[in-house]
There are 2 protein chains.
Amino acid sequence: MAEDRRTRRSRRALGAALVELVLERGFTALTVEDITERADVARATFYAHFRDKEDLFARVTADLLTELGERLAPAVADSAVGFTGKPVLEMLRHAREERDLYRIVLRGEGDGKPLQMFVDACARATAEEFRARAERNAVKPRIDPELLARVWVGEQLAVLRWWVEQDAPSLPAEEVVRMLLDLAMRGRYWASGFEPPA
Amino acid sequence: MAEDRRTRRSRRALGAALVELVLERGFTALTVEDITERADVARATFYAHFRDKEDLFARVTADLLTELGERLAPAVADSAVGFTGKPVLEMLRHAREERDLYRIVLRGEGDGKPLQMFVDACARATAEEFRARAERNAVKPRIDPELLARVWVGEQLAVLRWWVEQDAPSLPAEEVVRMLLDLAMRGRYWASGFEPPA
DNA sequence: CAGTTACTGAACAGTCTGTATGGCATTGAT
DNA sequence: ATCAATGCCATACAGACTGTTCAGTAACTG
């Protein structure tokens, strides 16, 4: 008796309706009635489950993040060196499956706070990872790790966003990850086709 | 008789009020009355100038973009190689002067569409620049220029966002640009302190 | 100074919100 | 199969915000 079937049905329908509609018209343009209508649910029922539409949105994205976290955990444990390998690949795969939701979140829809939080968390973790790695290998960073972390996160995010927004994905996930790895190792100058400088 | 002084006064006050309030409470939380109250202007006057609050926001950001464009033009002409040098520096300076507005825009406040447009425009221009440069120097890109452009823009934007959000700027603009240049030339691996791979 | 133009304050209908209600239908457990 | 519990529905309501209109007043330009 974990949960009443009706409850589950309503919640699911409302979540799905939200995603559809945000994609069609954008979050701010939506009214609660739009959502309940699409979900084929009474407006009163909406308020029985969620405080307002931002609440619904918050829960939907929170679920997505939890799911992502669960899928990422083993990949992170595997890849001792850093994040750029398996974890990113795993994220791209997740993004492929949940494409609609990823698009919405990455567009910063719904005041964009879930996205900001996620980015900041990533950036902090990454900066820490960079520092730890430098320590471990007894090397001195040539660039402020804080800045470097922002660059890294911004980069991954930009690629993810671009990849998810394409109508027909021009590159498979594996290919994208390979390019990102090359880029990290050898720099953008090399990537453009030039020989590395002296 | 370019413009009535009262008109100018009202518009300015409303724009300034918007910026203040968005920073304090976020765009979506604001009502038109909040804005007119802060600006000390009648609500009816607001509608004499702007269709709604998104209209006001759009104009304010459009002005900012125009200003940026004017400041960037000479810098772009100067730096024949690409964007990473003078233009970025100039943008950072502009961002320092208009810090509040930059913060708002970069947070994707107000449905974030102005930001998206700007980013997409940058990405397209950058991709084109990369292609042209490769052609000019007769080298073959080792990574899809489209992806590379997204990476570059995402990177600059992340840094800019980080730089503008800091309470006390930890690095001067010149320093940031230097680091970005190094990063572009030698890659993140090098930046972390490691010797370049074979 | 005079004519023009912008601002003000008030009022209006319309939309959306969030809450409350009592009757009805589905559900899960016995 | 039955029953008590619980979620759903339709409806209604006050309150907030929107966008428009208008007549009176003040400020500006030339």
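A note on names: the letters A, B, ... follow the listed sequences, proteins ahead of strands, and every chain is numbered from 1. Just so it is clear, the values below take in all heavy atoms, side chains as well, and ignore hydrogens, waters and symmetry mates.
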For [X] and [N], what is the distance between atoms [atom1] and [atom2] respectively, to the nearest whole Å?
X	N	atom1	atom2	answer
A/Lys53	C/dT15	NZ	P	17 Å
B/Glu37	D/dC17	CD	C1'	14 Å
A/Leu30	C/dC16	CG	P	11 Å
A/Leu56	C/dT17	CG	C1'	15 Å
B/Phe27	D/dC17	CZ	C1'	14 Å
B/Arg12	C/dA6	CZ	C1'	16 Å
B/Phe50	D/dT20	CZ	C1'	18 Å
A/Arg5	C/dT27	CZ	P	5 Å

Exercise. Measure the shortest side-chain to side-chain distance between A/Leu180 and A/Val176 over non-hydrogen atoms and say whether it is less than 4.5 angstrom.
Key: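 Yes, side chains in contact.
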Self-check item: Sequence-distant partners of A/Arg71, side-chain contact (heavy atoms from CB on, under 4.5 Å), two or more places apart
Solution: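 Here the qualifying residues are A/Glu90, A/Arg93, A/His94, A/Glu97.
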Quiz item: Going by distance alone, is a donor N or O of one side chain under 3.5 Å from an acceptor N or O of the other, for B/Asp34 and B/Thr31?
Solution: yes
Exercise. Please round to 10 degrees the angle between the axis of the first five pairs and the axis of the last five pairs in the helix from C/dC1-D/dG30 to C/dT30-D/dA1.
Key: 50°
Quiz item: Just to confirm, is there a sub-4.0 Å distance from OP1 or OP2 of D/dT20 to any side-chain nitrogen or oxygen of B/Tyr47?
Solution: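 For B/Tyr47, the contact criterion (side-chain N or O under 4.0 Å from OP1 or OP2 of D/dT20) is not met.
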Treating [X] as the side-chain partner and [Y] as the backbone partner, does any N or O pair qualify as donor plus acceptor under 3.5 Å?
X	Y	result
A/Lys140	B/Gly193	no
B/Arg99	B/Val164	yes
B/Arg131	B/Pro145	no

Quiz item: Base, backbone or nothing for each nucleotide of nucleotides 4-10 of chain D, written B, S, -, heavy atoms under 4.0 angstrom, 5' to 3'?
Solution: --BBSSB
Quiz item: For A/Glu33, does the CD atom have more than 12 heavy-atom neighbours from other residues, nucleotides or ligands under 6.0 Å away?
Solution: no
Quiz item: Just how far is it from atom OG1 of B/Thr28 to atom CD of B/Glu109, taken to the nearest 0.5 Å?
Solution: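 Nearest 0.5 Å value for the OG1-CD distance: 6.5 Å.
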Quiz item: In Å, rounded to the nearest 0.5 Å, how long is the span from OG1 of A/Thr61 to CD1 of A/Ile104?
Solution: 10.0 Å
